[in-house]
Amino acid sequence: MTERPGLAPYPWQTAAWQLLAEQLKQGRLPHALLLTGHAGTGKSHFARALAERLLCTAPVQDRACGNCKGCQLTKAGSHPDLLSIEPEEAGKAIKVDQVRQLKAFSSQTAQLNGYKVIILQPADALNINAANALLKDLEEPPPQTLFLLVTDQPDQVSATIRSRCNQLVSGTPDIAQARDWLANVINDSAAVELALKLADNAPLLALQLYQEDGLGQRKAIYRGLADIQQHKGSPCSVAQSWQAFNPLQVIQWLQVWVNDLVKTVMTGGGQPIKNQDLASFIQKTAGQVQLHSLYLYLDSLQAYRRALLSGHNPNKILLFETLLIDWSDCFKR
């Protein structure tokens, strides 16, 4: 039975893909690419598809064939000429010891006599020592080796690394593209529209929200905020109802909510908000909160977020109670 071809780029990535395909044909593919774009638009997928294409020995129409030895090894995660580097734990830094693997890998001849590919993501997670170690490899790139650095935040990647990479935006879908792609996966038009709105039109992020019940979590979190606001629940009881949630995700939803409130307070509802399905309740809430308190609350949410990303491991229930007490303090007395 003939197997399917390898990964193809998403429809909104066609232009970037064609550019690289032409450079490859002309022997002008750069040694290092900094692949950027909005979160949830498929940069990792693009990098993987490109790696498959470069490691394929019998490509078909600028895609990996899916059948050759190289494709089989890539699919199995055992291709000797492919190295993937990511943080050892989600949200942590990429360490210098991880980057040092590159030197031994890049100094070797490709075992299948083709390209060697290194995928490093997210590139903004490199700590200082790791970034310095990587810089040495980028300055003296071996032949037939491609460094693929993937990031949502190119400005957080050191300038010296950026200067040694060709930056490529992988592509962002327009509203119609995102809606059509997601509608082929989710058979619920209302959920598609809401998920895309909350994900800033990023299809993969919207799909993740739907598949991981992010929409249900959002509903529970906002119901808890309303209960506090309407004196139907205490910070303690609402915090207990959130105990199964990830603190970082809770904070992200709170940031979305408060940003919508700030917009509504400042414009009287004249600017578009993410939580459009809750616009009437947000409008009502905007008349009860103090703007300077909302700004202070946003600052505290960002501080908690930074602490969590840096490895702080607080008592979850106590953190939620604090967040809810601070929320109740935003209302006019």
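Below, all heavy atoms of this structure are taken into account, side chains as well, without hydrogens, waters or symmetry copies. For clarity, every value in this text was computed on a predicted model and none was experimentally measured. Index from 1, following the sequence.
Residues satisfying the salt bridge (charged side-chain N to carboxylate O under 4.0 Å, His left out) test with Asp277, not counting sequence neighbours, are Arg218. Partners of Tyr222 according to the ring pair (Phe, Tyr, Trp, His ring centres under 6.0 Å) rule, which considers only residues two or more places apart in sequence or in another chain, are Trp257. Every residue was checked against the salt bridge (charged side-chain N to carboxylate O under 4.0 Å, His left out) condition with Arg48, not counting sequence neighbours, and none meets it. Under the salt bridge (charged side-chain N to carboxylate O under 4.0 Å, His left out) criterion, Asp213 pairs with no residue, sequence neighbours left out. Arg223 meets the salt bridge (charged side-chain N to carboxylate O under 4.0 Å, His left out) test with no other residue; sequence neighbours excluded. The ring pair (Phe, Tyr, Trp, His ring centres under 6.0 Å) check on His45 picks up Tyr10, with sequence neighbours excluded.
The line from CG of Leu35 to CG of Leu148 is 6.5 Å long, rounded to the nearest 0.5 Å. The CZ atom of Arg179 sits 9.0 Å away from the CG atom of Asp174 when rounded to the nearest 0.5 Å.
Counting heavy atoms from C-beta on, the side chains of Leu24 and Leu54 come closer than 4.5 Å. Looking only at side-chain heavy atoms (C-beta outward), Phe281 and Leu225 stay at 4.5 Å or farther from each other. Side-chain contact between Val96 and Asn132: absent, with no pair of heavy atoms (C-beta onward) separated by less than 4.5 Å. Looking at Arg164 and Phe147, their side chains never come closer than 4.5 Å, going by heavy atoms from C-beta outward. Between Gln290 and Val265, every side-chain heavy-atom pair lies at or beyond the 4.5 Å cut-off. Using a 4.5 Å heavy-atom cutoff, the side chains of Tyr210 and Val185 are not in contact. By the 4.5 Å heavy-atom criterion applied to side chains, Gln255 and Arg305 are counted as neighbours.
Other residues, nucleotides and ligands place more than 12 heavy atoms under 6.0 Å from the NE2 atom of His31. The environment of Gln26 atom CD is dense: over 12 non-hydrogen atoms of other residues, nucleotides or ligands sit within 6.0 angstrom. Heavy-atom neighbours of Glu140 CD from other residues, nucleotides or ligands within 6.0 Å: at or below the threshold of 12. Counting heavy-atom neighbours within 6.0 Å of Lys92 NZ, excluding the residue itself, gives a total above 12. The neighbour count for Lys95 NZ, taken as heavy atoms of other residues, nucleotides or ligands under 6.0 Å away, does not exceed 12. For Leu318, the CG atom counts as densely surrounded, since its 6.0 Å shell holds more than 12 non-hydrogen atoms of other residues, nucleotides or ligands.
No side-chain donor-acceptor contact under 3.5 Å links Glu22 to the backbone of Trp17. Within the 3.5 Å criterion, the main-chain N or O of Thr41 finds a donor-acceptor partner in the side chain of Trp12. Between the Lys103 side chain and the Lys136 main chain, no donor and acceptor come within less than 3.5 Å of each other.
Taking each heavy atom of Leu261 and Ala286 in turn, the nearest pair found is CD2-N, 3.7 Å. Residues Cys68 and Ala58 come closest through the heavy atom pair SG-N, 4.4 Å.
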side-chain contact (heavy atoms from CB on, under 4.5 Å) between Ile118 and Asp137, intermediate numbers included: CA-CA 11 Å; Ile118 298 148; Asp137 291 287; over 6 Å; no
